[in-house]
Chemist: 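Have a look at the structure that comes next, please.
Each chain gets a letter, A, B and so on, in the order its sequence line appears, and its residues count up from 1.
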Number of protein chains: 2
Amino acid sequence: MNIYRYEQNPLITPADVTPYHEGYEVIGAFNAGIAKYNDEVLMLLRVAERPVSGDPAVVKAPVYNPETNAVDIVEFRTDDPRYDFSDPRVVRDVRESTGFAYLTSLSYIRIARSKDGRHFTLDAAPFVYPSNRLETFGIEDPRVTQIGETYYIYFSAVSPVGIGESMVSTKDFVTFTHHGMIFGPDNKDVLIFPERVNGKYYALHRPTVKSTGSPEIWIAESDNLLYWGNHKHLAGLRQDMWDSGRIGGGAVPIRTERGWLELYHGATKEHRYCMGALLLDLKDPSKVIGRSDKPILEPEAEYEKNGFFGDVVFSCGALVEGDVVKMYYGVADTSMACAELSLQEILDSLGTRW
Amino acid sequence: MNIYRYEQNPLITPADVTPYHEGYEVIGAFNAGIAKYNDEVLMLLRVAERPVSGDPAVVKAPVYNPETNAVDIVEFRTDDPRYDFSDPRVVRDVRESTGFAYLTSLSYIRIARSKDGRHFTLDAAPFVYPSNRLETFGIEDPRVTQIGETYYIYFSAVSPVGIGESMVSTKDFVTFTHHGMIFGPDNKDVLIFPERVNGKYYALHRPTVKSTGSPEIWIAESDNLLYWGNHKHLAGLRQDMWDSGRIGGGAVPIRTERGWLELYHGATKEHRYCMGALLLDLKDPSKVIGRSDKPILEPEAEYEKNGFFGDVVFSCGALVEGDVVKMYYGVADTSMACAELSLQEILDSLGTRW
């Protein structure tokens with residue numbers, strides 16, 4: 001696979017982002033949804049901000065308060081035996097075997113704009129910010145699907161009651177309408193197809209299951225983008241392969257002559273995140289007809305290997321121009337990068353094991 | 001609370017049910033959805049059957065095979081260190097901190113019919129039986145909502161990829177149409193309201209969340225009963241109360257003058273399951289306006305305290321005649337019972353803590 005990583009990588013780093021909250025530091029500007037709007041490329045960045053802690057023995061957890069529209073801070077002492085602070089992203093309740101009690105940063109969506117797709121200028125303020133009780137721990141990992149002149153932006157809505165997927169829509173990237181939670185918890189990595197197939201809208205989604213099963217990709221259908229059903233399991237983990245630990249949709253599905261191309265992320269149980277591809281039947285996207293035996297992109301560059309959470313490449317959006325796939329992707333849960341790949345080469349590389 | 005348990009309780013026990021599968025034993029006939037059809041009361045029983053094991057050192061797990069339409073049996077030796085057999089209902093993978101790898105029984109839906117609501121005659125064959133790859137571990141805990149002349153029957157669809165909620169519909173309880181999975185995994189305890197509210201259908205549902213949060217009740221809306229969205233968190237656990245461990249919807253919501261009455265189950269962390277009530281705003285069912293401080297029914301009778309999984313009362317359906325609520329309920333994950341309560345007394349008992 002020929003991969004051309006931009007010389008400008010990383011395109012946006014936390015150092016490029018002025019914190020929105022006073023007394024906070026930006027620790028991530030990553031996992032951006034991508035849109036073409038007028039003559040510009042927009043990155044809808046997930047910006048993660050953390051309250052600055054002067055005391056290494058104190059961990060702070062920011063929580064959006066929908067009643068005051070401000071962010072409260074919950075403080076923990078690192079010697080508190082009720083909590084586990086070993087993962088810098090979260091505060092865990094030691095009585096719980098899975099999951100988290102608090103996040104140590106608050107994420108929201110902020111736009112960076114570019115004429116050439118390489119040099120970006122950041123908006124001064126957030127675009128989509130937590131606004132209700134399903135978003136009190138923040139909103140994460142947006143994707144953007146353009147249908148006609150409307151851009152649908154959907155993201156993980158995180159709160160103490162779970163992680164679901166909520167959606168807003170905009171025509172101008174200035175104002176938007178909030179459509180509530182479209183996939184209930186636990187769910188993330190939703191990808192809405194850019195056109196109807198056989199009269200139905202389709203979306204990939206990634207339930208996080210507790211009873212049995214693994215973090216795998218499902219597909220659902222809709223007739224209005226707001227209500228979803230006919231859920232089917234689409235693609236699972238593959239033992240001893242690069243996507244043996246967890247998988248989830250990445251970029252908005254791309255229509256090709258051979259099928260719907262989905263650039264998805266897969267991780268090993270050791271949390272090494274790579275990007276690969278799934279090919280879905282053009283007329284029935286619930287059928288997988290091709291899948292990458294090997295990743296199309298894996299963490300190799302320094303900015304992909306090192307950061308807040310290293311060894312991660314994680315795309316939430318790509319642009320296609322002729323044979324060129326411009327895959328934008330978050331690196332190390334920290335910054336944004338872009339690589340160009342050949343559409344034909346990706347399609348030719350797909351294996352038959354799924 | 002005045003409770004009149006039928007003298008005929010338990011109304012149906014496993015001993016009343018001839019196994020459908022050769023070489024199996026019926027271990028449960030419980031958690032039945034309830035319908036009035038013509039002049040009869042129908043119990044849509046969850047019947048659980050288990051392969052008979054002649055050898056106490058062997059545990060058998062039945063798995064429906066959609067390709068052959070037969071049930072395969074996976075055998076385990078109880079000294080296999082990879083698995084944990086301590087819960088008789090499941091086989092656990094010792095590497096996983098939550099959930100299960102296999103079930104030790106296969107459930108399906110079978111109808112029992114009655115003229116008086118107390119004496120039931122069982123159908124000879126299943127009504128709804130696993131039929132696809134989302135149902136290979138069985139179908140469980142059906143509920144029935146009548147809308148016009150159509151009965152919508154929805155149930156937990158269990159398979160190695162998770163537990164979701166699937167739906168069929170019937171007009172005659174002989175043939176039915178399968179509508180696929182309406183709530184993706186992990187989800188159960190769905191309850192569809194019997195009429196539109198402000199032009200929308202509503203359903204309660206109970207996601208099982210892994211990332212953060214607890215097994216609690218959510219509400220969603222729809223315009224066709226098949227596709228669901230606008231998910232909102234409705235009611236949570238209450239510390240140190242009878243519903244501190246998990247909650248989920250029970251009977252189909254009942255329209256009263258004071259609001260939508262939902263008879264729901266709550267359990268402590270020690271898995272003692274009781275029934276209580278929630279009152280929801282008539283015009284906006286996403287608003288809770290009353291909730292039981294104490295259970296309206298708790299496991300007290302011998303058949304409620306002892307069985308396959310004791311100390312459980314678990315209703316999936318009730319009939320209302322004037323002031324009389326005939327609450328049918330599964331007991332001890334084994335059999336079916338019924339108790340009559342006063343609608344007025346339930347409404348008057350609702351507290352203001354939720």
Chemist: Does any backbone or side-chain atom of B/K200 lie under 4.5 Å from a heavy atom of chain A? Answer side chain, backbone, both or neither.
Modeler: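 B/K200 touches chain A through side-chain heavy atoms alone.
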Chemist: Which of residues 209-220 of chain B have a heavy atom under 4.5 Å from any heavy atom of chain A?
Modeler: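 Expected list: B/V209, B/K210, B/S211, B/T212, B/G213, B/E216, B/W218.
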Chemist: Let's test your reading of the structure: which of B/A101, B/G236, B/G162, B/S166 forms the most heavy-atom pairs below 4.5 Å with chain A?
Modeler: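 Option with the top pair count is B/G162.
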Chemist: Out of curiosity, B/S222 OG to A/L226 CG, how far, rounded to the nearest 0.5 Å?
Modeler: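 Taking OG in B/S222 and CG in A/L226, the distance rounds to 11.0 Å.
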Chemist: Take atom CZ of B/R196 as the centre, draw a 6.0 Å sphere, and report whether it contains more than 12 heavy atoms from other residues, nucleotides or ligands.
Modeler: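 Enclosed.
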Chemist: I need the A/M181 CE to B/K232 NZ distance, nearest 0.5 Å.
Modeler: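 The distance works out to 11.5 Å.
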Chemist: Answer with side chain, backbone, both or neither: which region of B/Y102 has an atom nearer than 4.5 Å to a non-hydrogen atom of chain A?
Modeler: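 Contact with chain A: none, neither part.
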Chemist: Where does A/E221 contact chain B at under 4.5 Å (heavy atoms): side chain, backbone, both or neither?
Modeler: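 Both the backbone and the side chain of A/E221 come within 4.5 Å of chain B.
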Chemist: Side chain, backbone, both or neither: which part of A/I163 has an atom under 4.5 Å from a heavy atom of chain B?
Modeler: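 For A/I163, the contact with chain B is made by backbone and side chain together.
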Chemist: Identify which of A/N187, A/V158, A/N132, A/T98 forms the greatest number of heavy-atom pairs closer than 4.5 Å to chain B.
Modeler: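 Sorted descending by pairs with chain B, the first entry is A/T98.
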Chemist: Considering only heavy atoms, which portion of A/S159 lies under 4.5 Å from any heavy atom of chain B: side chain, backbone, both, or neither?
Modeler: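 Backbone only.
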Chemist: So what's closer than 4.5 Å to chain A heavy atoms on B/D93: side chain, backbone, both or neither?
Modeler: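 Contact with chain A is absent: no heavy atom of B/D93 under 4.5 Å.
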Chemist: Please report the shortest heavy-atom distance between A/H231 and B/L134, naming the atom on each side.
Modeler: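 Scanning both residues, the minimum pair turns out to be O-CD1, 3.5 Å.
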Chemist: Considering only heavy atoms, which portion of B/R92 lies under 4.5 Å from any heavy atom of chain A: side chain, backbone, both, or neither?
Modeler: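 Answer is neither: B/R92 stays 4.5 Å or more from chain A.
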Chemist: Quick one: CG on A/D223 to CG on B/D223, what's the gap to the nearest 0.5 Å?
Modeler: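 Reported to 0.5 Å precision, the distance equals 6.0 Å.
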Chemist: Which atoms of B/P185 come close to chain A, meaning under 4.5 Å heavy atom to heavy atom: side chain ones, backbone ones, both, or neither?
Modeler: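 Both backbone and side chain of B/P185 come within 4.5 Å of chain A.
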